[in-house]
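See structure below.
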Amino acid sequence: MELGISSFGEVAPAHVAGQDYAAQQRMQEILALGRQADEVGLDVLAIGEHHRSDYVVSAPEVVLAAVAATTQRIRLASAVTVLSSADPVRTFQNFATVDLISNGRAEIIAGRGSFIESFPLFGYDLKHYDALYAEKLELLLKINEQEIVSWQGKHRPSFAQKGVYPRPVQPRLPIWIGVGGTPASAQRAGALGLGLTIAILGGAPAQYVAFADLYRQAAQQAGHDPATLPLCLNCHFHVAENSRQAADEFFPAYATVMNRIGRERGWSPMSRAQFDHLRGPQGPLLVGSPQEIIDKLLYISQLFNNTRFIGQLMLEGMPHEQVMRSTELFGKEVAPAVRERLGVMV
């Protein structure tokens, strides 16, 4: 199982006279986390895309390029690229550039977008939400397979026999489908023979096994070997020296961010009792001591037989030193134990 971290780059809005010092600081912290993840032996760094004041990353490929220049082995992925409101040609070019900078470590996790701010920002109508994603994914996959491309669709200008450059170091960019709660997206990934990333942000992990089953069934029906397709799980994550410390460090930041989103979506406020339940042995939060995280990663592996796990960090409201320590413990204590138990040779 590959093990890694992800971040949305949460930041409290702090716009002062045109100089956003909070965003500047958070960006430097993300770059430091990328370097540390590489140094402690983690396999993947994934960076999300948002277009609102409480997230600092709107262009994950730019951030990943900066990380690429100062790291050696860690793979670099978006989490996710909101493909529905992006130009697939430009998306491919940007990630191919990251691939060249990183000597072949770039990946795209393409999603439809849980947040919708990018649609009006870039001039797209939400009534075309599903059609935009399907069409743009088709074009992105075509570009990934062919250097010279012709295209005709409904939601992007057509073109004929055009080369798309640069080409990546890898023969093809790894493209994954990112899903939250849509079974059709899991089936699409399987039918296309693409990797699947399941974000488990609420509800017990066991409830999401059906998504993995749909994915593998669709792959088999389409003629792909399900055993060869990668499956990634993504959960909120924090590890500290002991269980109580991890919970006490993570809860205030987690509650702040989730309650802010909850006010927009009609969720009830998060209580400490709910949080402690969610981080239980079969809950969706991987927050605890190194041994607790090891045990839960092995439990998730038994459920899903997944090939990758990405722990989503919470940056807003947590001292940078705590997040860095969590990443260090993940790489130095948790990851080696999990790899040994799963029989992975590193």
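Computation of the quantities below employed the complete heavy-atom set of this structure, encompassing side-chain atoms and omitting hydrogens, waters and symmetry-equivalent molecules.
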CA sep, side-chain torsions, deciding dist, call: D248, R272, salt bridge (Lys or Arg N to Asp or Glu O under 4.0 Å) | CA-CA 10 Å; D248 289 345; R272 178 60 187 258; 3.0 Å; yes
Hits for side-chain hydrogen bond (donor to acceptor under 3.5 Å, both in side chains) against S243, two or more places apart or cross-chain, chain-then-number order -> R279, E292
Using the test side chain to side chain contact (heavy atoms under 4.5 Å, CB included), find all partners of L278 that sit at least two apart in sequence or belong to another chain.
-> Y254, M270, P284, L285
Is a side-chain N or O of R265 found less than 3.5 angstrom from the main chain of G262, in a donor-acceptor match?
-> no
Between N306 and I300 the two heavy atoms that sit nearest each other are OD1-O, 3.5 Å
Heavy-atom distance under 4.5 Å between the side chains of L233 and L303, does that happen here?
-> no
Could you tell me which non-hydrogen atom of P60 sits nearest to which non-hydrogen atom of G48, and how far apart they are?
-> CB-O, 4.0 Å
Aromatic centroids of H128 and F119 separated by under 6.0 Å | no
Ignoring hydrogens and angles, state whether a donor on the side chain of S185 or T182 is under 3.5 Å from an acceptor on the partner side chain.
-> no
Please name all residues satisfying side chain to side chain contact (heavy atoms under 4.5 Å, CB included) with S271, sequence neighbours left out, ordered by chain then number.
-> A273, Q274
Look at the aromatic rings of F251 and F275 and report parallel, tilted or perpendicular, splitting at 30° and 60°.
-> tilted
Give a yes or no on whether a salt bridge exists between R75 and D43, defined as a side-chain N under 4.0 angstrom from a carboxylate O.
-> no
Are Q322 and R325 close enough that a side-chain donor and a side-chain acceptor fall under 3.5 Å?
-> no
Can you pull the salt bridge (Lys or Arg N to Asp or Glu O under 4.0 Å) pairs that have at least one residue in residues 121-140, sequence neighbours excluded?
-> R112-D130
Is the count of non-hydrogen atoms from other residues, nucleotides or ligands lying under 6.0 Å from I116 atom CD1 greater than 12?
-> no
Taking side chain to side chain contact (heavy atoms under 4.5 Å, CB included) as the test, write out the residues that go with Q146, two or more places apart.
-> K142, V149
With no hydrogens and no angle check, do the side chains of E249 and Q245 hold a donor and an acceptor under 3.5 Å apart?
-> yes
E61 with R90: basic N within carboxylate O range, under 4.0 Å = no
Could you tell me which residues satisfy ring pair (Phe, Tyr, Trp, His ring centres under 6.0 Å) with H50, sequence neighbours excluded, listed by chain and number?
-> F8, Y55, F115
Which pairs count as ring pair (Phe, Tyr, Trp, His ring centres under 6.0 Å) when at least one residue sits in residues 276-333, sequence neighbours excluded?
-> F237-F330
Could you note down all residue pairs passing salt bridge (Lys or Arg N to Asp or Glu O under 4.0 Å) where residues 206-232 supplies at least one of them, sequence neighbours left out?
-> none
With a 4.5 Å heavy-atom cut-off, do H236 and L313 have their side chains touching?
-> no
Strictly by modelled atom types, are Q161 and S150 linked by a side-chain donor-acceptor pair under 3.5 Å?
-> yes
Evaluate side-chain contact (heavy atoms from CB on, under 4.5 Å) for L137 paired with I177, printing each intermediate quantity in order.
-> CA-CA 9 Å; L137 179 61; I177 300 296; 3.6 Å; yes
Residues in side chain to side chain contact (heavy atoms under 4.5 Å, CB included) contact with Q36, at least two apart in sequence or another chain = V40, M324, T327, E328
Is R260 salt-bridged to D54, cutoff N-O under 4.0 Å?
-> yes
Quick one: are V323 and L315 in side-chain contact, heavy atoms under 4.5 Å?
-> yes
Which residue pairs satisfy the salt bridge (Lys or Arg N to Asp or Glu O under 4.0 Å) criterion with at least one member in residues 22-33, sequence neighbours excluded?
-> R26-E29
Do any pairs count as a salt bridge (Lys or Arg N to Asp or Glu O under 4.0 Å) and have a residue in residues 160-187, sequence neighbours left out, and if so which ones?
-> E145-R172
Can you sort out the partners of E264 under side-chain hydrogen bond (donor to acceptor under 3.5 Å, both in side chains), two or more places apart, ordered by chain and number?
-> R52
Does Y124 reach the side chain of S84, with side-chain heavy atoms less than 4.5 Å apart?
-> no
